[in-house]
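Remarks on the structure that follows.
All values derive from a computational prediction rather than experimental measurement.
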Amino acid sequence: MVINNETDSRYELHVDGQLAGQLDYQLVGGVIALTHTEVDEAYAGQGLGAQLAKFALDDAQARGLKVSPICPFVAKYIDKHPEYRVTVR
């Protein structure tokens, strides 16, 4: 399950009730800067980073925010998923 932890400015991915990954962000006006993706080593290679990126980008689109993909992982995800390119500033 992925949630938006607005208090800590990060999207969190939980597996079996444990924090398994996070995508940090900074929100400035109508732009969300996705700054850092991190997935616990125990879950590496399972596509959890992609789940975080997708959730964050879907959330940004739903909220009408422009996206600044500072995190290289998110930038690569956007390159592979052209439906998100229109939100990038």
Begin with the C-alpha distance, continue with both residues' side-chain angles, and end with the deciding distance and a verdict on side-chain contact (heavy atoms from CB on, under 4.5 Å) for Arg63 and Leu27.
-> CA-CA 12 Å; Arg63 294 166 56 190; Leu27 188 57; 3.6 Å; yes
Heavy-atom side-chain contact between [X] and [Y] under 4.5 Å:
X	Y	result
Arg85	Ile78	yes
Met1	Leu13	no
Glu6	Tyr25	yes
Val31	Ser68	yes

Look at the side-chain heavy atoms of Ile, Leu, Val, Met, Phe, Trp and Tyr, link any pair under 4.5 Å apart, and say whether [X] and [Y] land in one connected group.
X	Y	result
Ile70	Tyr77	no
Leu65	Ile3	no
Leu52	Leu19	no
Leu23	Tyr43	yes
Leu34	Phe73	no

Considering residues, nucleotides and ligands other than Gln26, do more than 12 of their heavy atoms fall under 6.0 Å from its CD?
->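 Check fails, neighbour count at 12 or below.
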Is atom CD of Glu83 surrounded by more than 12 heavy atoms (other residues, nucleotides or ligands) closer than 6.0 Å?
->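 Yes, CD of Glu83 has more than 12 neighbouring heavy atoms, counting only those of other groups under 6.0 Å.
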Heavy-atom pair of closest approach, residues Thr37 and Gly49 | CG2-CA, 4.3 Å
Would you find a donor on one side and an acceptor on the other, under 3.5 Å apart, between the side chain of Asp8 and the backbone of Arg10?
->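 No, the answer is negative, given that no donor and acceptor are paired below the 3.5 Å cut-off.
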The reported gap from OG1 in Thr35 to CG in Asp24 (rounded to nearest 0.5 angstrom) is 5.0 Å
Enter the distance from Asp79:CG to Tyr84:OH here, rounded to the nearest 0.5 Å.
-> 14.0 Å
Do Asp59 and Gln61 have a side chain donor and acceptor closer than 3.5 Å?
-> no
Start with the C-alpha distance between Asp40 and Gln22, add both sets of side-chain angles, then the distance that settles side-chain contact (heavy atoms from CB on, under 4.5 Å), and finish with yes or no.
-> CA-CA 9 Å; Asp40 189 291; Gln22 67 188 49; over 6 Å; no
